[in-house]
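Side chains included, hydrogens not; waters and symmetry mates left out as well; all remaining heavy atoms used. Fair warning: this is a prediction, and the values are worked out from it, not measured in the lab. If you read the sequence from its start, that first residue is 1, and numbering goes on from there.
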Amino acid sequence: MKPELSLTARSTWRDPPPEKPAGPGRGFWAAMAAAVIVACLAMLLASGQLRPPAMFGPYSVTVPLDFRAYDPARWAIMNAEDYQDALKIDPTLPDPASIGYGDAAALPPVDPAQLRGQALVGPPAASYAFRGITALDRERAHYCLTAAIYYEAASETDDGMRGVAQTVLNRVRHPSFPNTVCGVVFQGSERAGVCQFTFSCDGAMARNPSKGNWLRASRVASAALGGYVFPGVGLATHYHTTAIWPRWGKSLVMTNIVGAHIFHRWRGRWGMPDAFRAPYPGREPVPGPYLPLAQQLAILKGQGLPPGAGPAPLLTGPAATLPDVAPAPLPGAMTSAPPVAAPAAAAVAAPTYADPRLNQSGQIREEFRSSGEWKR
């Protein structure tokens, strides 16, 4: 006989209890949050910024007083008719003549147009004299700055030239650029198409400068190197002509429009006076252009290196010489007597170059007419 099937009730199957986390539980964090809230409320009540509810009583503040609300002696001195009567009340009063208020004069009224101009331009650059260590360094700095002024603003007024000179010297004092005058003026001219100033790598220096504008640029450069500050452009480190608007124009702050150029400075602290603290070492490199003029003209004709390719093989030879023009004279030589020309026998004829596509004064070449415009 088979045994009967016996079924017994068993306990319901349950999942094993979850493991407790290793860190603190919810109670700990709730207590921490409550403690932070209570501490913040206590600090607000102690500082007086949060008034307790009316149920805790009226709000009051206690201020210690160490003076009398009414002092008859002080009132008598203030109501005295003259100094002698006040001196009888208080013999320790100072003599009004010793203060010297009579020498004070009111400041003249400020021109509103001048205030608007200063608000747009911003603070001017600090006066700084760029003195080279040797006479050669001073002459190089004078020539490089004169060349930049002439080839960038020869057809402009004196203020237009001063704006270009101030921008170049602002770059010398800024840590983002070379700390020499010639280094700033001819920066990037050893590579085709990447020069900071276009005239140093587009063959413009193949043209002999006119004597009158060259001497005018020389005077402006001499004054700027001696410490003269042109406040019309402020702390500008960039500029471009009014005929174009480059892409980097929106990333900078426009300071002013002087002549045919629009000037810009850096945004933020990089464009404030504290940033222009780079020391001037006084050692000037050999003036450029560092890409020979013959190679610049060949590039313009499509026979040389493409833009951005370089440095050129010709740079391995001797350093480039100055153009075949008289160097920028010093201020003393201009005021005393005109410079004496060298004898014709001692002069060495420098090669001259001519190309119809070179920049013309006050004009823009056709290939650069749309430079800086957004592509659509």
Side-chain angles (χ1 to χ4, degrees), residues 139-158 160-161 163-165 167-168 181-182 184-221 239-244 259-261 286-305 307 312 314-315 319-329 338-339 341-342 344 347-369 371:
E139 188 68 16
R140 285 177 174 177
H142 192 191
Y143 166 76
C144 291
L145 186 57
T146 302
I149 296 172
Y150 176 84
Y151 289 103
E152 292 288 315
S155 60
E156 297 192 28
T157 62
D158 290 347
M161 288 187 170
V164 173
T167 303
V168 173
V181 179
C182 293
V184 167
V185 172
F186 295 102
Q187 182 182 6
S189 63
E190 69 277 359
R191 294 169 58 88
V194 296
C195 51
Q196 293 292 314
F197 295 90
T198 310
F199 76 92
S200 64
C201 63
D202 67 349
M205 298 187 72
R207 301 194 312 269
N208 291 333
S210 63
K211 183 178 180 180
N213 287 333
W214 182 266
L215 293 179
R216 192 162 60 97
S218 176
R219 296 187 183 97
V220 173
Y239 65 83
H240 58 85
T241 62
T242 56
I244 62 172
H261 290 101
V286 177
Y290 303 121
L291 192 64
L293 294 175
Q295 190 166 356
Q296 295 179 26
L297 297 174
I299 293 173
L300 293 176
K301 296 178 180 178
Q303 301 173 358
L305 297 175
L314 295 179
L315 294 179
T321 58
L322 301 182
D324 187 21
V325 295
V348 179
T352 58
Y353 306 95
D355 189 271
R357 290 183 294 175
L358 290 178
N359 282 343
Q360 302 298 323
S361 178
Q363 299 180 3
I364 301 176
R365 296 206 316 269
E366 185 63 30
E367 57 268 28
F368 290 126
R369 187 170 299 277
S371 176

Peer 1: Does S210 form a side chain to side chain contact (heavy atoms under 4.5 Å, CB included) with Y150? I'd like the steps, not just the answer.
Peer 2: CA-CA 9 Å; S210 63; Y150 176 84; 3.6 Å; yes
Peer 1: Shortest non-hydrogen contact from R216 to D158?
Peer 2: NH1-OD1, 2.8 Å
Peer 1: Does the side chain of F186 reach to within under 4.5 Å of the side chain of P289, using non-hydrogen atoms?
Peer 2: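 Yes - at least one pair of side-chain heavy atoms lies under 4.5 Å apart.
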Peer 1: Would a distance-only check, ignoring hydrogens and angles, find a side-chain to backbone donor-acceptor pair under 3.5 Å from S218 to W214?
Peer 2: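 No; zero donor-acceptor contacts below 3.5 Å.
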Peer 1: Quick one: salt bridge (Lys or Arg N to Asp or Glu O under 4.0 Å) partners of R140, sequence neighbours excluded?
Peer 2: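 Per chain and number, R140 pairs via salt bridge (Lys or Arg N to Asp or Glu O under 4.0 Å) with no residue.
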Peer 1: Tell me the closest heavy-atom pair linking C182 and P287, and the distance in Å.
Peer 2: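 Heavy-atom minimum between the residues: SG-CG, 4.2 Å.
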Peer 1: Let's go through V184 and F197 carefully: what are the C-alpha distance in whole Å and the side-chain angles of both, what is the deciding distance for side chain to side chain contact (heavy atoms under 4.5 Å, CB included) to 0.1 Å, and is it a yes or a no?
Peer 2: CA-CA 9 Å; V184 167; F197 295 90; 4.2 Å; yes
Peer 1: Rounded to the nearest 0.5 Å, what separates atom CG in L293 from atom CZ in R207?
Peer 2: 11.5 Å
Peer 1: To check you understand the geometry: which heavy-atom pair defines the closest contact between I149 and A165, and what is its length?
Peer 2: CD1-CB, 3.5 Å
Peer 1: What closest approach, in Å, do V164 and A153 show between heavy atoms, and which atom pair accounts for it?
Peer 2: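 Answer, listing the atom of V164 first, then A153: CG2-CB, 4.0 Å.
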Peer 1: What closest approach, in Å, do S189 and L291 show between heavy atoms, and which atom pair accounts for it?
Peer 2: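 In terms of heavy atoms, the two residues are closest at O-CB, 3.1 Å.
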Peer 1: Keeping Y290 on the side-chain end and S200 on the backbone end, is there a donor-acceptor pair under 3.5 Å?
Peer 2: no
Peer 1: Testing the basics here: between F199 and E152, what is the closest heavy-atom pair and its distance to 0.1 Å?
Peer 2: CD2-OE2, 3.2 Å
Peer 1: Would you check if the side chain of Q196 reaches a backbone N or O of G188 as a donor-acceptor pair within less than 3.5 Å?
Peer 2: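 Pair absent, no side-chain N/O of Q196 close to backbone of G188.
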Peer 1: Can you name the residues that form a side-chain hydrogen bond (donor to acceptor under 3.5 Å, both in side chains) with E156, not counting sequence neighbours?
Peer 2: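 Scan of E156 (side-chain hydrogen bond (donor to acceptor under 3.5 Å, both in side chains), adjacent residues dropped) gives H261.
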